[in-house]
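Heads up: the structure comes next, in structure tokens.
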Amino acid sequence: MSQVNVVRSAILLLALLMLSGLGCARIPYTTTMVHEDQRVVVMLQREITPAGYTHPVQITQQQVAAILRGFSLREQQRLPLRWHAEETPPTKIFREDEVEVLAPQLADALQKVGPEERVYFELFAPGMNPRYRRDVTGGWVAVHGQLLNLTIDYFHVQQPVRTSDPYDYNYSTPWTPAKTYLLYFDPGRFYVDDSKTDWRGVDFLKFLKNAPSP
Amino acid sequence: MKGRGKWKVFRFIRILSVTPIAVPRWNKNIGFILCLACAIWFGTQLVFAADAGKLVEKDGRYVFVENMDPATKLLLERAVKQGSITQEEYDAVIRASQERTYQLQSSFKAWYDRGFNFSMNDNSFLLKIRGRFATRYTQRSRNDAWRTTGDSKDFPELLGVFGDYRANRTTNDASTFNLRTARLYFMGHLFSPDLKYLFQVAGETAENAQAPGALTMLDATVMSTHIPWLNVQVGQYKVYFNRSQINSTAAMQFAARALAMDAFTANGLNRRDVGITIMNDEEVYPVNYYFGVFNGEGPLVNRFAQFGSEEATVGCPGGATSGNPYPSPADCPANNRNLNANVRTAINQLMYTARLQWNILGRAGYGEGDIAYSEAPQMVVGGGYAYNPGLNTSTDNSFVGIDLANLNLRRSLALSGNGRILGQGIVDFSTWTLDYALKYRGFSFQAEYWFRNITRHEKGLPCLQTAVLGGPCTAFAPGQFGNSTGWSVQSGYYLIPRKLEVAARYAYWDPDTHSASDLIKELDVSLNWFLSGTYDHQIMVTYSNIAMGQGGFAIGRSAPLPAVGTSFPSGTIPLDVNAATLIENMIRVQYQIFF
């Protein structure tokens with residue numbers, strides 16, 4: 001390859017890359033920070049494809065807490081680990097102290113969120129070494145019709161504390177990417193599929209009607 | 001106990017957060033005071049009763065385990081409800097139980113989290129052990145010039161105790177497997193998290209090595225972060241000078257740095273050196289400074305590793321250049337020893353470096369692509385200056401094959417691509433750099449510029465031929481050595497966020513601005529698959545096209561060759577007699593795991 005061609009190819013390639021870099025986001029991005037403290041972060045994220053959620057939703061923090069208490073999960077494993085993992089009983093997602101700090105913020109966010117946004121949250125706790133890591137349970141909530149969907153991305157995952165950690169010059173430590181978890185809800189009869197949308201969520205109106213008052 | 005303190009803070013924050021917001025200011029204050037009083041009054045009980053526990057790793061997952069057995073706790077709570085015990089008794093037994101649990105637990109913990117971790121419970125000591133392994137397959141296709149001429153100027157090979165030049169010549173095609181990275185990291189902190197240490201041991205082999213690699217210490221450094229605006233790092237580590245060298249090879253977009261990047265390190269020899277750096281904390285301050293003082297000789301050595309030749313009379317050069325009239329002082333005796341290499345004269349010299357960096361947007365950090373998929377633009381611009389004086393590129397102007405060579409220094413220069421400077425006597429390097437990086441939503445762009453001014457201590461043109469040993473000079477180099485300059489741009493984009501990246505790079509390098517046809521141009525394109533969405537597990541396929549000009553004059557490799565009378569220790573035919581541009585097309589497939 002001649003030098004002229006090499007230079008031309010390089011310039012063309014760089015130009016293409018720069019153009020593609022200016023393109024749209026391909027994962028949901030944050031639009032509004034609803035709440036942020038040492039314990040919990042709740043934000044609104046815009047979906048990248050039309051979502052058609054039925055937001056905002058008027059729901060109290062007690063109702064959100066009742067829904068959160070019903071969820072449990074199991075990490076989805078690949079085969080052949082899946083055969084073994086499914087013998088493990090699902091774990092409650094939220095402890096009571098976590099429900100107490102998360103529910104008010106989620107209720108507030110669900111009243112502010114738009115139809116093309118979802119409510120993203122992260123719960124923090126000190127990590128195995130609090131100076132470098134924190135324990136993160138995170139995910140997002142969206143309401144479609146009368147189904148409330150909860151997706152968990154991180155369940156007690158150790159994540160770096162410093163913003164510069166992902167590109168540390170000695171040992172770059174980006175956040176551990178989101179994992180896939182299988183979610184369960186108790187009582188299970190309220191955790192239903194919407195055949196039209198392929199959505200799975202809690203029929204929260206029915207659930208709250210039947211739920212015992214706190 | 002520190003963990004308990006944190007939980008107390010969280011509980012306190014929660015209590016504060018229930019304060020109504022739409023109330024008059026004095027009401028808010030009363031509410032705040034009441035909440036504060038409640039927190040102080042009940043704080044200890046609340047913390048101990050509900051939240052005390054610890055995070056433990058079990059079967060690869062982290063779970064929070066309360067200190068007290070839940071069955072006992074349930075029975076106690078029922079007992080309080082039924083009135084069998086009082087609330088005070090309940091609180092007391094809970095505290096006693098948790099105190100007992102705390103006393104019984106070990107004073108250290110060990111767990112796996114991106115490395116094996118061992119820590120004392122009070123966090124006064126942490127040891128993290130990590131390993132990094134990268135193996136590579138390389139398929140090269142080179143033009144005929146590699147067979148006929150080879151590279152004798154930029155990356156020459158140096159033989160024997162005289163450091164005689166040999167051209168690097170090969171057949172057209174090469175297929176090689178290589179253990180590119182095999183490293184062990186021992187890092188953590190001592191006494192407090194603000195006194196950090198890092199030891200990095202490497203056992204890898206360079207891609208073109210002709211001998212097996214040996215175990216060597218890459219990093220051995222301690223850093224104090226007690227004062228955020230005055231962090232201090234001492235030991236052996238990478239010099240904070242230019243972005244491309246500070247970036248870890250674990251976090252790159254290509255299988256290797258560009259050739260030009262390695263040539264423009266602060267010391268001109270290696271990206272690592274032994275010394276001290278003061279800097280501020282990048283996490284805290286958007287503008288960062290790095291001031292360093294180093295040996296300027298590369299890793300594991302100091303200035304005593306470079307030497308010259310001197311006759312028994314102080315100030316009279318030894319080796320091949322002693323005696324009158326050139327270039328020795330007039331009253332020096334006639335040459336009486338050729339092979340001495342007996343004097344060290346640059347041992348009072350040090351290298352000085354400075355780098356300034358402005359994080360215009362966010363914290364781009366060091367690392368090439370945007371694997372973090374930055375939601376907001378991360379933009380940084382930086383620049384640096386390094387002054388490395390008194391590098392003895394040969395024993396005075398001695399001729400190759402006549403005097404003992406400064407092998408460590410010469411080979412370091414040759415390995416970094418600065419081989420054209422060899423033979424120029426004692427030189428000072430002044431190197432400047434500017435760099436820029438942008439990361440946003442999986443897109444990254446990085447550019448870097450370098451300029452190196454090379455000052456020879458010997459004035460006049462290098463003497464290459466003398467009538468007899470010691471002079472007079474009958475042939476000189478055709479011109480003075482110029483400066484070196486270069487630049488690189490690279491860009492990448494994650495086709496699948498955090499997983500699949502495509503990247504391209506172009507690097508330009510002029511190793512001697514006074515020579516023609518010596519440019520080195522490199523184009524790289526890479527496809528990178530990050531299997532776990534982090535740098536820890538990746539497969540890279542990098543295509544490279546490198547064109548290396550072999551024009552220009554290089555002492556000992558170009559005509560006129562060094563000679564004394566009719567004796568030509570480097571031979572009579574220069575290595576660059578058939579000089580042509582060396583072209584190489586190469587595909588590198590690299591697998592890396594960092595654990």
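In what follows, chains are A, B, ... by sequence order, proteins preceding strands, each numbered from 1.
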Could you walk me through whether A:Ile67 and A:Ile59 pass the side chain to side chain contact (heavy atoms under 4.5 Å, CB included) test, one step at a time? CA-CA 11 Å; A:Ile67 295 167; A:Ile59 189 166; 4.0 Å; yes

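- Within the 4.5 angstrom heavy-atom criterion, no atom of B:Lys499 approaches chain A.
- Proximity to chain A is limited to the side chain of B:Leu198, based on heavy atoms less than 4.5 angstrom apart.
- The salt bridge (Lys or Arg N to Asp or Glu O under 4.0 Å) check on A:Asp153 picks up nothing, with sequence neighbours excluded.
- Only the backbone of B:Ile496 comes within less than 4.5 Å of a heavy atom of chain A; no side-chain atom from C-beta onward does.
- Relative to the ring axis of A:Tyr29, B:Arg441 places its NZ or CZ within 45° and under 6.0 Å from the centre.
- With a 4.5 angstrom heavy-atom cutoff, B:Arg130 touches chain A only via side-chain atoms.
- Atom OH of B:Tyr494 sits about 13.0 Å away from atom CZ of B:Phe443, to the nearest 0.5 Å.
- Using a 4.5 Å cut-off between heavy atoms, B:Tyr185 contacts chain A through its side chain alone, with no backbone atom that close.
- Within the cation-pi definition used here (under 6.0 Å to the ring centroid, within 45° of the axis), B:Arg132 qualifies as a partner of B:Phe594.
- The contact between B:Ser532 and chain A is made entirely by backbone atoms, counting heavy-atom distances below 4.5 Å.
- No side-chain donor from either of B:Gln357 and B:Tyr240 sits under 3.5 Å from a side-chain acceptor of the other.
- Contacts between A:Gln61 and chain B at a heavy-atom distance below 4.5 Å are absent for every atom of the residue.
- Most heavy-atom pairs under 4.5 Å with chain A, from the set B:Ala251, B:Ser444, B:Ser248: that is B:Ser248.
- With a threshold of 4.5 angstrom between heavy atoms, B:Leu495 approaches chain A through N, CA, C or O but not through any side-chain atom.
- For B:Asn117, no part lies near chain A; criterion is any non-hydrogen pair under 4.5 Å.
- B:Ala372 touches chain A through backbone and side chain together, each having a heavy atom under 4.5 Å away.
- By the side chain to side chain donor-acceptor pair (under 3.5 Å) test, B:Ser124 pairs with B:Asp122, sequence neighbours left out.
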One pair to check against side chain to side chain contact (heavy atoms under 4.5 Å, CB included): B:Ile246 and B:Tyr366. What are the steps and the verdict? CA-CA 7 Å; B:Ile246 300 171; B:Tyr366 293 98; 3.7 Å; yes

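- Contact count against chain A (heavy-atom pairs under 4.5 Å) is highest for B:Glu283 among B:Glu282, B:Glu283, B:Lys238.
- Between A:Phe207 and A:Phe185, the distance separating the two ring centers is shorter than 6.0 angstrom.
- No other option in B:Gln200, B:Met187, B:Glu368 has as many heavy-atom pairs under 4.5 Å with chain A as B:Met187.
- Using a 4.5 Å cut-off between heavy atoms, B:Ala376 does not touch chain A at all.
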